[in-house]
Asks: 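What follows is a single structure, and I will ask about it in a moment.
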Amino acid sequence: MRALARAGRQAMARAAFADAHRHFERALTYRPVQDEGVRAGLLAERGRAARALGKLPEALADLQEALDVFERLHAVAATSGLVLDISRLLDLLGRHQESAKVAQRALGALGEAPSQMRGQLLALTARWSAFEGDFTAANLALDQAAACAAKLDDPGVAGHILHARSWTASARFDCTEAAEAGLAAVRLLGEAGEEWEASQAGVLAQTVLIHAGRFAQAEGLTAGLMHFARRVGHHAVDLWVLRNTATVARMPHLFSNTSKPIRRWGHRGRTTRSH
């Protein structure tokens, strides 16, 4: 069983998600049911492999089952990590309110003590509050997350907060702030090895750069974002980047087409005024 689990982790590290899922599936058949903690860990790993394969309902079922076990065992660290995974997965499934509730429940269990997970969950809470248009709640969560990060000196947590600031700014249609915060988030999250979150922050930054007319800068993000997304199996980001790239490629054509009627209208205007 240990060899299969190890093989599964190695497969995940090299983005061989189908192999990883198969190894974890086999490992679960070797583990006696009474060893709940190890079984829950394997369920969580199989769930992450399923998520990377795009099998989102199956992934959610595995992660929730693992969470139930870890909560029963009072394994706070394992529980917190799974909550973050489940919140992200619910977000991918479009179940934003459920995602926020899961994060809030975990924050209550963690308490007020500064921790990496508390900072990340507060940042996630800020994002969903901004998504709902509650900027007061979003700013409060961001302030709490920043206070937590200041005590930890953790670049990964700082990256999560910048991602949340980018999200909040984009909800206010402030493309400049959203882009700058997002680009800074990508750098910090990439350095911290948080490729899933880095890909999400990056594709948001790329999108707002396009909205701001900064097409060359947006196009320059494509290769790095595709690398992040495919390394962790984030198919939604992969597709979003492809859409953004296609949009940027069409920009010169769109502008050349729209400029012609404007020039003709301007010419007619000058002709009319000359008479």
Asks: Under the 3.5 angstrom rule, does the side chain of D238 hit a backbone N or O of H234 as a donor-acceptor pair?
Replies: no

Asks: Which pair of heavy atoms, one from L122 and one from A141, lies closest together, and at what distance?
Replies: O-CB, 3.6 Å

Asks: Measure from the side-chain N and O atoms of S170 to the backbone N and O of F173, and report whether any donor-acceptor pair falls under 3.5 Å.
Replies: no

Asks: Would a distance-only check, ignoring hydrogens and angles, find a side-chain to backbone donor-acceptor pair under 3.5 Å from H163 to A198?
Replies: no

Asks: One pair to check against side-chain contact (heavy atoms from CB on, under 4.5 Å): W128 and S99. What are the steps and the verdict?
Replies: CA-CA 8 Å; W128 300 152; S99 174; 2.9 Å; yes

Asks: Charged N to carboxylate O below 4.0 Å: is that the case for R127 and E197?
Replies: yes

Asks: Verify whether one side chain among E180 and S166 offers a donor that lies under 3.5 Å from an acceptor in the other.
Replies: no

Asks: Do the charged groups of R46 and E58 touch, with an N to O distance under 4.0 Å?
Replies: no

Asks: Has the side chain of R26 got a donor or acceptor atom that lies under 3.5 Å from a matching backbone atom of L4?
Replies: no

Asks: Determine whether more than 12 heavy atoms belonging to other residues, nucleotides or ligands lie under 6.0 Å from atom CD of Q97.
Replies: no

Asks: Mind listing the closest non-hydrogen atom pair of A130 and W167 along with its distance?
Replies: CB-CD1, 4.1 Å

Asks: Should the pair R22-D19 be classified as a salt bridge under the 4.0 Å nitrogen-to-oxygen rule?
Replies: yes

Asks: Between A201 and L189, which heavy-atom pair has the shortest distance, and what is it?
Replies: CB-CD1, 4.2 Å

Asks: With a 4.5 Å cut-off on side-chain heavy-atom distances among I, L, V, M, F, W and Y, is there a chain of contacts connecting L209 to W240?
Replies: yes

Asks: Does V241 belong to the same Ile/Leu/Val/Met/Phe/Trp/Tyr cluster as L92, with side-chain heavy atoms less than 4.5 Å apart forming each link?
Replies: no

Asks: Does Q206 reach the side chain of L225, with side-chain heavy atoms less than 4.5 Å apart?
Replies: yes

Asks: Considering non-hydrogen atoms only, spot the tightest contact between G8 and F24 and give its length.
Replies: C-CZ, 3.4 Å

Asks: Salt bridge check, E177 against R165: does any charged N sit closer than 4.0 Å to a carboxylate O?
Replies: no

Asks: If every non-hydrogen atom of C148 is compared with every non-hydrogen atom of G119, which pair is closest and at what distance?
Replies: SG-N, 3.8 Å

Asks: Is the closest basic N to carboxylate O distance between D62 and R51 below 4.0 Å?
Replies: no

Asks: Please name the pair of heavy atoms, one in A158 and one in L188, separated by the smallest distance, quoted to 0.1 Å.
Replies: CB-CD1, 3.9 Å

Asks: Quick one: do I210 and Q217 satisfy side-chain contact (heavy atoms from CB on, under 4.5 Å)? Show the steps, please.
Replies: CA-CA 9 Å; I210 292 170; Q217 197 172 0; over 6 Å; no

Asks: Mind checking whether H96 and F131 have parallel, tilted or perpendicular rings, split at 30° and 60°?
Replies: tilted

Asks: Go through the steps to decide whether Q200 and W196 satisfy the test side-chain contact (heavy atoms from CB on, under 4.5 Å), and finish with yes or no.
Replies: CA-CA 7 Å; Q200 291 202 147; W196 181 277; 3.9 Å; yes

Asks: Go through the steps for H160 and E194 under the test side-chain hydrogen bond (donor to acceptor under 3.5 Å, both in side chains), then give the verdict.
Replies: CA-CA 9 Å; H160 279 267; E194 297 205 35; 2.6 Å; yes

Asks: Counting only heavy atoms from other residues, nucleotides and ligands, does the tally under 6.0 Å from CD of E195 exceed 12?
Replies: yes

Asks: Under the 3.5 angstrom rule, does the side chain of R231 hit a backbone N or O of A13 as a donor-acceptor pair?
Replies: yes

Asks: side-chain contact (heavy atoms from CB on, under 4.5 Å), that's the test. Do L140 and Q144 meet it? Break it down for me.
Replies: CA-CA 6 Å; L140 177 60; Q144 292 174 334; 4.2 Å; yes

